[in-house]
Trainee: 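After the structure tokens below, expect a handful of questions from me.
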Amino acid sequence: MNFELCEEDRTFAESVGRFAQEKLAPGALARAHDQDYPWATAQLLAQQGLLGIAFEESDGGQGGTLMHAVLAIQQVALACPKSADIVQAGNFGPIRTFVEYATSEQKARFLPDLLAGRKLISLGMTEPDAGSAATELKTSARQDGDHYVINGSKIFSTHSPHADLFLVYVRFGPGVDGIGSVLIERGTPGFQIGEPSSFMNGEQWSQLYFDDCRIPAANVLLGVGGFKKQISGFNVERLGNASRALALGRYAFNAARDHATTRKQFGRELCEFQGIQWKFADMAMKLDQAQLLLYRAALEGESGLPSAQSTAMAKLACNLAGWEVSNEAMQVMGGMGFSQESLVEYCVRRTRGWMIAGGSIEMLKNRIAEGVFGRSFSQRAPRAA
């Protein structure tokens with residue numbers, strides 16, 4: 001059993017790391033606090049081949065592996081945490097679901113701009129009354145000739161203020177089997193994007209409103225019965241979330257380590273105090289533990305979709321490690337860590353959000369427990385007799 005990256009993966013990671021330190025580290029602080037989407041950086045990353053890494057070359061991708069995509073997020077994040085969002089958006093989340101299930105015609109229409117960093121896709125999944133219980137969504141799709149009429153609303157959609165294309169979960173009929181998804185472009189009549197709201201981490205989102213929004217039948221991604229396919233692909237999405245959370249924790253760890261070896265108090269470097277040493281020992285252990293679980297899930301994905309159990313464990317471990325380590329790193333750095341002159345406080349705020357997005361840590365624990373006991377446990381209230 002070898003716990004080291006293979007030579008190909010190591011070489012790839014080193015190459016991305018060199019590029020990121022040279023091209024992305026300068027301006028990382030300003031980029032993190034800019035509300036606009038960094039389109040110029042997205043196009044730079046596309047030119048470097050860091051969007052669509054694990055997609056087939058016939059789809060305009062790089063023909064790489066899931067591990068390559070995970071490594072790219074981590075190496076970019078270590079230089080510029082904000083730029084890792086772009087790598088995530090170009091490899092995981094709705095774009096991956098789109099590539100997996102889109103028709104050739106749909107790919108030809110949308111993929112070139114998405115993979116060139118010129119346009120962005122956003123996921124419309126969460127609703128005011130349907131969060132973790134995603135199957136309770138109410139946004140409807142009613143067929144009308146060769147069109148579908150969409151009605152409903154979505155909230156908390158990542159990149160929604162800037163996206164040009166939206167992959168929207170809709171209900172074609174009753175029950176879980178009645179759920180599928182459609183593609184809706186910005187500017188479609190009946191589709192309104194609300195004013196941006198901000199999360200604690202500074203990320204913005206806009207509520208999406210569909211009022212008799214008519215789309216051609218050619219914009220259906222997955223029809224009746226498509227929900228289970230979409231959710232199976234969600235396991236891969238969680239690896240992107242996990243990769244960023246862990247990488248930002250490591251970024252904060254590195255910053256705090258540098259601080260502890262140069263900052264002096266009471267005539268000694270901070271790293272010479274035993275209490276500080278113990279903090280770093282705990283942080284290093286948490287990062288390495290989570291890294292191993294992440295790599296295991298990514299390697300499972302080399303031969304298909306990673307298991308729900310492995311991805312749940314990887315995301316949970318990485319979310320907790322990213323949050324706990326960045327928070328402890330901020331404590332080590334004191335006022336400098338808490339200041340927006342440092343990216344450590346940014347890492348704290350971002351990692352906290354990922355413990356909710358993409359599957360909360362509580363839902364992940366439920367999923368892991370189901371794997372432990374080999375059975376499912378319904379969280380729904382019992383139906384009245």
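Since the structure is predicted, the reported quantities are computational estimates derived from the model, not experimental observations.
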Trainee: Between S160 and F156, is there a donor-acceptor pair closer than 3.5 Å when you use the side chain of the first and the backbone of the second?
Mentor: no
Trainee: Would you call H33 and L29 a side-chain contact if the rule is heavy atoms closer than 4.5 Å?
Mentor: yes
Trainee: Would you say the side-chain atoms of K154 pair up with the backbone N or O of V168, donor to acceptor, closer than 3.5 Å?
Mentor: no
Trainee: Could you pull out all donor-acceptor pairs under 3.5 Å where a side-chain atom in residues 197-208 meets a protein atom, sequence neighbours excluded?
Mentor:
residue: N201; atom: OD1; partner: E203; partner atom: N; Å: 2.8
residue: S206; atom: OG; partner: G194; partner atom: O; Å: 3.1
residue: Q207; atom: OE1; partner: Y209; partner atom: OH; Å: 3.3

Trainee: Quick one: does Q289's side chain get under 4.5 Å of M285's, heavy atoms only?
Mentor: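 In short, these two side chains touch, coming nearer than 4.5 Å.
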Trainee: Can you name the residues that form a salt bridge (charged side-chain N to carboxylate O under 4.0 Å, His left out) with D36, not counting sequence neighbours?
Mentor: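 Result, salt bridge (charged side-chain N to carboxylate O under 4.0 Å, His left out) vs D36: none returned.
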Trainee: Should K23 and Q48 count as side-chain neighbours, where that means a heavy-atom distance under 4.5 Å?
Mentor: no
Trainee: Which heavy atom in Y251 sits nearest to a heavy atom in A79, and how many Å separate them?
Mentor: CE1-O, 4.3 Å
Trainee: At what distance, to the nearest 0.5 angstrom, does CD of Q75 lie from CD of Q21?
Mentor: 8.5 Å
Trainee: Does NZ or CZ of R268 fall inside the cone over F273's six-membered ring, less than 6.0 Å from its centre and within 45° of the axis?
Mentor: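 Because its charged atom sits under 6.0 Å from the ring centre and within 45° of the axis, R268 does stack over F273.
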Trainee: Pair L115, I95 - check side chain to side chain contact (heavy atoms under 4.5 Å, CB included), show working.
Mentor: CA-CA 9 Å; L115 293 179; I95 194 171; 3.9 Å; yes
Trainee: Do L183 and L137 belong together in a cluster built from hydrophobic side chains that touch within less than 4.5 Å?
Mentor: yes
Trainee: Taking atom NE2 of H162 and atom CD of Q35, what is their separation to the nearest 0.5 Å?
Mentor: 7.5 Å
Trainee: Quick one, F92 with L66, criterion side chain to side chain contact (heavy atoms under 4.5 Å, CB included). Give me CA distance, side-chain angles, the key distance, then yes/no.
Mentor: CA-CA 10 Å; F92 294 95; L66 191 57; 3.6 Å; yes
Trainee: Verify, without hydrogens or angle tests, whether D177 (side chain) and G225 (backbone) share a donor-acceptor contact under 3.5 angstrom.
Mentor: no
Trainee: Does V76 share a hydrophobic cluster with W39, counting links as ILVMFWY side-chain heavy atoms below 4.5 Å and allowing steps through other members?
Mentor: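 Hydrophobic grouping puts V76 with W39.
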Trainee: Give a yes or no on whether the backbone of A357 and the side-chain of N241 come within a donor-acceptor separation of less than 3.5 Å.
Mentor: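 At least one qualifying donor-acceptor pair exists.
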Trainee: Determine, stepwise, if the pair R238 / N319 fulfils side chain to side chain donor-acceptor pair (under 3.5 Å).
Mentor: CA-CA 10 Å; R238 286 175 170 163; N319 284 168; over 6 Å; no
Trainee: Is Y37 reachable from V87 through a run of I, L, V, M, F, W or Y residues, each pair having side-chain heavy atoms under 4.5 Å apart?
Mentor: yes
Trainee: Going by an N to O cut-off under 4.0 Å, is there a salt bridge joining K264 and E269?
Mentor: no
Trainee: If you compare all heavy atoms of R96 against all heavy atoms of A54, which two are closest, and at what distance to 0.1 Å?
Mentor: NH1-CB, 4.0 Å
Trainee: Below 4.0 angstrom, N of the basic side chain to O of the carboxylate: do D146 and R214 qualify?
Mentor: no
Trainee: Does the side chain of I155 come within less than 4.5 Å of P128's, by heavy atoms?
Mentor: yes
Trainee: Can you confirm whether or not the ring centre of Y295 sits under 6.0 Å from the ring centre of F3?
Mentor: no
Trainee: Is D164 close to F110 at the side-chain level, that is, under 4.5 Å between some pair of heavy atoms?
Mentor: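 They are not in side-chain contact.
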Trainee: When you compare the side chain of R367 with that of Q309, does any pair of heavy atoms fall below 4.5 Å?
Mentor: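 The answer is yes, as the side chains (C-beta and beyond) meet within the 4.5 Å cut-off.
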Trainee: Heavy atoms only: give me the nearest A46-L51 pair and the separation to one decimal.
Mentor: CB-CD1, 3.7 Å
Trainee: Looking at E105, I'd like to know if its CD atom is crowded, meaning that more than 12 non-hydrogen atoms belonging to other residues, nucleotides or ligands lie closer than 6.0 Å.
Mentor: yes
Trainee: Let me see the working for R352 and V348 under side chain to side chain contact (heavy atoms under 4.5 Å, CB included), right down to the final yes or no.
Mentor: CA-CA 6 Å; R352 185 62 186 88; V348 172; 5.7 Å; no
Trainee: Please check this pair: side chain of K82 against backbone of R31, looking for a donor-acceptor N/O pair closer than 3.5 Å.
Mentor: yes
Trainee: Would you confirm whether H68, through its side chain, and T65, through its main-chain N or O, come within 3.5 Å as a donor-acceptor pair?
Mentor: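 Yes, H68 side chain to T65 backbone: donor-acceptor pair under 3.5 Å.
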Trainee: Using modelled atom types only, decide if a donor and an acceptor are shared between the side chain of D113 and the backbone of K119 within a distance under 3.5 Å.
Mentor: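 Judged by distance alone, no pair lies under 3.5 Å.
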Trainee: Give a yes or no on whether Y148 and F210 share a hydrophobic cluster (residues Ile, Leu, Val, Met, Phe, Trp, Tyr; joining criterion: side-chain heavy atoms under 4.5 Å apart).
Mentor: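 The answer is yes; both residues are in one hydrophobic cluster.
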Trainee: Mind checking the CG-OG spacing from L45 to S83? Nearest 0.5 Å is all I need.
Mentor: 6.0 Å
Trainee: Could you go step by step and tell me if D258 and R263 meet the salt bridge (charged side-chain N to carboxylate O under 4.0 Å, His left out) rule?
Mentor: CA-CA 9 Å; D258 292 344; R263 172 73 166 167; over 6 Å; no
Trainee: Which heavy atom of A298 sits nearest a heavy atom of V70, and at what distance?
Mentor: CB-CG2, 4.2 Å
Trainee: Which heavy atom of G152 sits nearest to which heavy atom of T139, and what is that distance?
Mentor: CA-OG1, 3.7 Å
Trainee: Using the rule given for side chain to side chain contact (heavy atoms under 4.5 Å, CB included), can you reason through K286 versus L320, listing the C-alpha separation, both sets of side-chain angles and the distance that settles it, and then say yes or no?
Mentor: CA-CA 8 Å; K286 289 174 181 178; L320 291 174; over 6 Å; no
Trainee: Indicate yes or no: at least one non-hydrogen side-chain atom of Q74 is less than 4.5 angstrom from one of R250.
Mentor: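 Answer no - side chains too far apart.
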Trainee: Could you name each residue pair satisfying side-chain hydrogen bond (donor to acceptor under 3.5 Å, both in side chains) that touches residues 327-351, not counting sequence neighbours?
Mentor: D85-R350, K279-E328, S326-T351, E345-R349, Y346-R350
Trainee: Would you confirm whether E370, through its side chain, and F377, through its main-chain N or O, come within 3.5 Å as a donor-acceptor pair?
Mentor: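 Side chain of E370 to backbone of F377, a donor-acceptor pair under 3.5 Å: yes, one is there.
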Trainee: Using modelled atom types only, decide if a donor and an acceptor are shared between the side chain of S243 and the backbone of L239 within a distance under 3.5 Å.
Mentor: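 The answer is yes, because a donor-acceptor pair under 3.5 Å joins these two groups.
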Trainee: Find the distance between CD (Q192) and CG (D211) and round it off to the nearest 0.5 Å.
Mentor: 9.0 Å
Trainee: Rounded to the nearest 0.5 Å, what's the gap from CG on L270 to CD on Q265? Could you check?
Mentor: 6.5 Å
Trainee: Looking only at non-hydrogen atoms, find the nearest pair between A84 and I73 and report the distance.
Mentor: CB-O, 3.9 Å
Trainee: Do L316 and V325 land in one hydrophobic cluster if side-chain heavy atoms of ILVMFWY residues count as linked below 4.5 Å?
Mentor: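 No, because L316 and V325 fall into different hydrophobic clusters, even though each may have its own neighbours under 4.5 Å.
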Trainee: In Å and rounded to the nearest 0.5 Å, what is the CG to OG distance from N366 to S378?
Mentor: 10.5 Å
Trainee: Any salt bridge linking E56 with K107? Criterion: basic side-chain nitrogen under 4.0 Å from a carboxylate oxygen.
Mentor: no
Trainee: Would you say K315's side chain and W354's backbone share a donor-acceptor pair under 3.5 angstrom?
Mentor: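 Checked: pair present.
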